Amino acid sequence: MPGGRLTHDERVAIAAGLAEGYGYAEIARGLDRPTSTVTREVARNGGARGYTADRAHRATARRARRRPPAGPPATTAADRQAFVEEFAVILAAAGMPRMVARVLSCLYTSDDGALTAAELVERLRVSPAAVSKAVGYLAGLDLVRRERAGRRDRYVVDDDVWLRAWEGSARTHLVWAEAAERGAGVFGRDTAAGARLADLAGFFGRLGDDMSGGPSDAAVADVLTVAAALVHAGVPVRPADLAAGLGWPPARVRDAIHDAVRRPDLTGPVLIRRTRSGLYLALPRLTEAEQKALTAAVRSS
């Protein structure tokens, strides 16, 4: 029943899937549910690491009991407008430009989540140019879309806008992680700048993976296998040779190497690095100074 509310058994299955390291899409497929349903369920009930079926089910029941009975709202138009401005202040405090926050708040609190430019101008008492600029900003973030209504354009904010913002933020974190990882290689991990960038890559890699559901157990196992294969080789290896040696499809090796480089926390005591010629090797998780000191200690013993 893809359109119905989640049952307790489905929440148990979600919790079990998270414990096994499955991603949101894998869990959703097993339940015959949209990925967005699982993502929202986990995000509002403790996240991937804090989700439990019983607590989520009780929280949903409490939210349902708190819903007011159907009927006309008891608040006035002035009360509603005051909330629109209050919500805008909260959005602005989180870093959103003030006018952009006001437009998004106005759209989100309208009955159908859609208003024309003229309606936004009238409700917010601002110039058409200010509305146009704010809508352009929101459209660039994929928070608002434009649709044609007769001779006019309407600006629409969808019900899943915050989910899409969450997913966009997860993608951004992963892009930052990959950029920082490249920077660590450019500056050298034994330098202060390189070490700082490597730490940044690990942090944003973990954060992005947590927000998007994290790698599955199978993906983590592939990372560890590739790391072990590179340790065994002891020399830089081409991905094609790894695929041939392991008997894997090339795409599987590429994915495992990508995860190993982006998520150094998954590779245990070694780091997977790419050489300038496109080969990959495993290095001990030690600084150059630590390696030299250890070598000297062993030779002197």
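Being a predicted model, the structure only gives us computed values, none of them experimental.
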Closest approach of [X] and [Y], non-hydrogen atoms and distance?
| X | Y | answer |
| --- | --- | --- |
| Pro239 | Gly278 | CD-O, 3.9 Å |
| Ala88 | Ser105 | N-OG, 3.8 Å |
| Pro128 | Val121 | CA-CG2, 3.7 Å |
| Thr109 | Phe83 | CG2-CE2, 4.0 Å |
| Ala59 | Asn45 | CB-OD1, 3.7 Å |
| Ile272 | Ala282 | CD1-CB, 4.0 Å |

- Task: For the residue pair Phe87 and Tyr108, categorise the inter-ring angle as parallel (less than 30°), tilted (30 to 60°) or perpendicular (more than 60°).
- Result: tilted
Would you check if there is a donor-acceptor pair between the side chains of [Y] and [X] at a distance under 3.5 Å?
| X | Y | value |
| --- | --- | --- |
| Thr60 | Arg11 | yes |
| Arg285 | Thr267 | yes |
| Tyr155 | Arg146 | yes |
| Glu41 | Tyr51 | yes |
| Thr225 | Asp222 | no |

With a sphere of 6.0 Å drawn around [atom1] of [X], does it hold more than 12 non-hydrogen atoms of other residues, nucleotides or ligands?
| X | atom1 | value |
| --- | --- | --- |
| Arg148 | CZ | yes |
| Phe187 | CZ | no |
| Glu122 | CD | no |

When you measure from the side chain of [X] to the backbone of [Y], do you find a donor-acceptor pair of N or O atoms at a distance under 3.5 Å?
| X | Y | answer |
| --- | --- | --- |
| Glu20 | Gly17 | no |
| Glu178 | Val175 | no |
| Glu26 | Gly23 | yes |

In terms of hydrophobic clusters joined by side-chain contacts under 4.5 Å, are [X] and [Y] together?
| X | Y | result |
| --- | --- | --- |
| Leu141 | Met99 | yes |
| Leu107 | Val84 | no |
| Trp176 | Leu200 | yes |
| Leu91 | Leu124 | yes |
| Ile257 | Leu271 | no |

- Message: Does Arg145 form a salt bridge (Lys or Arg N to Asp or Glu O under 4.0 Å) with Glu147? I'd like the steps, not just the answer.
- Response: CA-CA 7 Å; Arg145 60 182 173 84; Glu147 68 177 26; 3.2 Å; yes
- Task: Quick one: pull up CG in Leu104 and OH in Tyr137 and give me the separation to the nearest 0.5 Å.
- Result: 11.0 Å
- Are Tyr22 and Ile27 close enough that some pair of their side-chain heavy atoms sits under 4.5 Å apart? yes
